[in-house]
Amino acid sequence: MKFCNRPGISPFLATVILVVITLMLGGILYSSFRQMIVTQMKNPSITLLATNVSPDGETMTLNVKNDGNVPVALVGMDVSYGASTNHFRETTPANVTLISGMAMMQPGDSLTAKVKTNFQVPSFATFTVTVIGDQVAKAFNIQA
């Protein structure tokens, strides 16, 4: 039996290659399991996409989106300007008028609601809209 006289790979280089392969496999497993766990977690979230204030400063059209991964039911909206605050509840149809969409938003759904305040927001003033869901509430500062 005849062996080749060329030397094999050095022990140091072999160790480096094995460590790199192990780290790569560990990274792949970590990222795949992390992604699987993150998608199974409940993440309620809502975003105010657009706001339109009418020229009278009292009527507002709000576009709300469920950007989480669980269904969110719209409970109400609060509009605040200075010392004035109006609470609008979805259960009282006179307070919030849904123009499009449903109060129960599935992930990715959006709705458009119209509210009429009992105070006037001046042009270029900043006011706060708080969108309240059954699992989440989020405040947004808006400029009229």
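Along the sequence shown, residues are numbered consecutively beginning with 1.
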Student: Within the distance-only criterion (no hydrogens, no angle test), does the side chain of Asn66 pair as donor or acceptor with the backbone N or O of Asp109 below 3.5 angstrom?
Tutor: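 Pair absent, no side-chain N/O of Asn66 close to backbone of Asp109.
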Student: So, taking the atom named CG in Asp78 and the one named OG1 in Thr117, what distance separates them when rounded to the nearest 0.5 Å?
Tutor: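 Asp78 atom CG to Thr117 atom OG1 measures 12.5 Å (nearest 0.5 Å).
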Student: Ignoring hydrogens, what is the shortest heavy-atom contact between Gln143 and Phe124? Give both atom names and the distance.
Tutor: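 That closest heavy-atom pairing would be NE2-O, 3.4 Å.
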Student: Counting distance only, does the side-chain N/O of Gln120 pair as donor-acceptor with the main-chain N or O of Asp56 below 3.5 Å?
Tutor: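 Flag set: sc Gln120 to bb Asp56 pair under 3.5 Å.
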Student: With rounding to the nearest 0.5 angstrom, report the CG to CG distance, Leu49 to Asp67.
Tutor: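 Interatomic distance, Leu49 CG to Asp67 CG, rounded to 0.5 Å: 8.0 Å.
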Student: What's the spacing between Leu13 CG and Leu18 CG if we round to 0.5 Å?
Tutor: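 If I round to the nearest 0.5 Å, the distance is 10.0 Å.
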Student: Which heavy-atom pair separates Gly68 from Pro107 by the least distance, and what is that distance?
Tutor: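 Smallest heavy-atom distance, with atoms named: O-CB, 3.4 Å.
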Student: Should Ile142 and Thr126 count as side-chain neighbours, where that means a heavy-atom distance under 4.5 Å?
Tutor: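 With C-beta onward as the side chain, the pair stays apart.
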Student: With a 4.5 Å cut-off on side-chain heavy atoms, are Thr130 and Ser80 touching?
Tutor: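 In short, these two side chains do not touch, never coming nearer than 4.5 Å.
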Student: Between Val131 and Phe140, which heavy-atom pair has the shortest distance, and what is it?
Tutor: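 So the minimum-distance heavy-atom pair works out to CG2-CE1, 4.0 Å.
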Student: Tell me whether Leu48 shares a hydrophobic cluster with Met104, the cluster being built from Ile, Leu, Val, Met, Phe, Trp, Tyr side chains joined at under 4.5 Å.
Tutor: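 No, because Leu48 and Met104 fall into different hydrophobic clusters, even though each may have its own neighbours under 4.5 Å.
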Student: To the nearest 0.5 Å, how far apart are NZ in Lys116 and OG1 in Thr59?
Tutor: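 Output value for this atom pair is 4.0 Å.
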Student: Do Leu25 and Ile17 sit in one hydrophobic cluster, given that two such residues count as connected whenever their side-chain heavy atoms are within less than 4.5 Å of each other, even indirectly?
Tutor: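 Yes, Leu25 connects to Ile17 through the hydrophobic network.
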Student: At their closest point, which heavy atom of Val64 faces which heavy atom of Ile46, and how far apart are they?
Tutor: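 So the two residues come closest at CG1-CB, 4.5 Å.
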Student: Do you know the tightest heavy-atom contact between Val79 and Phe127?
Tutor: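 Closest pair (atom of Val79, atom of Phe127, distance): CG1-CD1, 4.1 Å.
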Student: Distance from Thr51 atom OG1 to Met60 atom CE, nearest 0.5 Å?
Tutor: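 Rounded to the nearest 0.5 Å, the OG1-CE separation comes out at 8.5 Å.
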Student: Membership question, hydrophobic clusters at under 4.5 Å side-chain separation (ILVMFWY): are Leu29 and Ile21 in the same one?
Tutor: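 No, it is not one cluster - the side chains of Ile21 and Leu29 are not joined through contacts under 4.5 Å.
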Student: Taking C-beta and beyond as the side chain, do Pro71 and Gln135 meet within less than 4.5 Å on heavy atoms?
Tutor: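 Heavy-atom side-chain distance check fails, nothing below 4.5 Å.
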Student: Please find the pair of heavy atoms, one from Val75 and one from Gly133, that lie closest to each other, and give the distance.
Tutor: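 Looking at all heavy atoms of both residues, the closest pair is CG2-C, 3.6 Å.
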Student: If hydrophobic clusters are built from ILVMFWY residues whose side chains come within less than 4.5 Å, do Val70 and Val136 share one?
Tutor: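 Per the 4.5 Å side-chain linkage, Val70 and Val136 are not co-clustered.
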Student: How long is the span from the CG atom in Asn52 to the CG atom in Leu62, to the nearest 0.5 Å?
Tutor: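 Here the rounded value is 9.5 Å.
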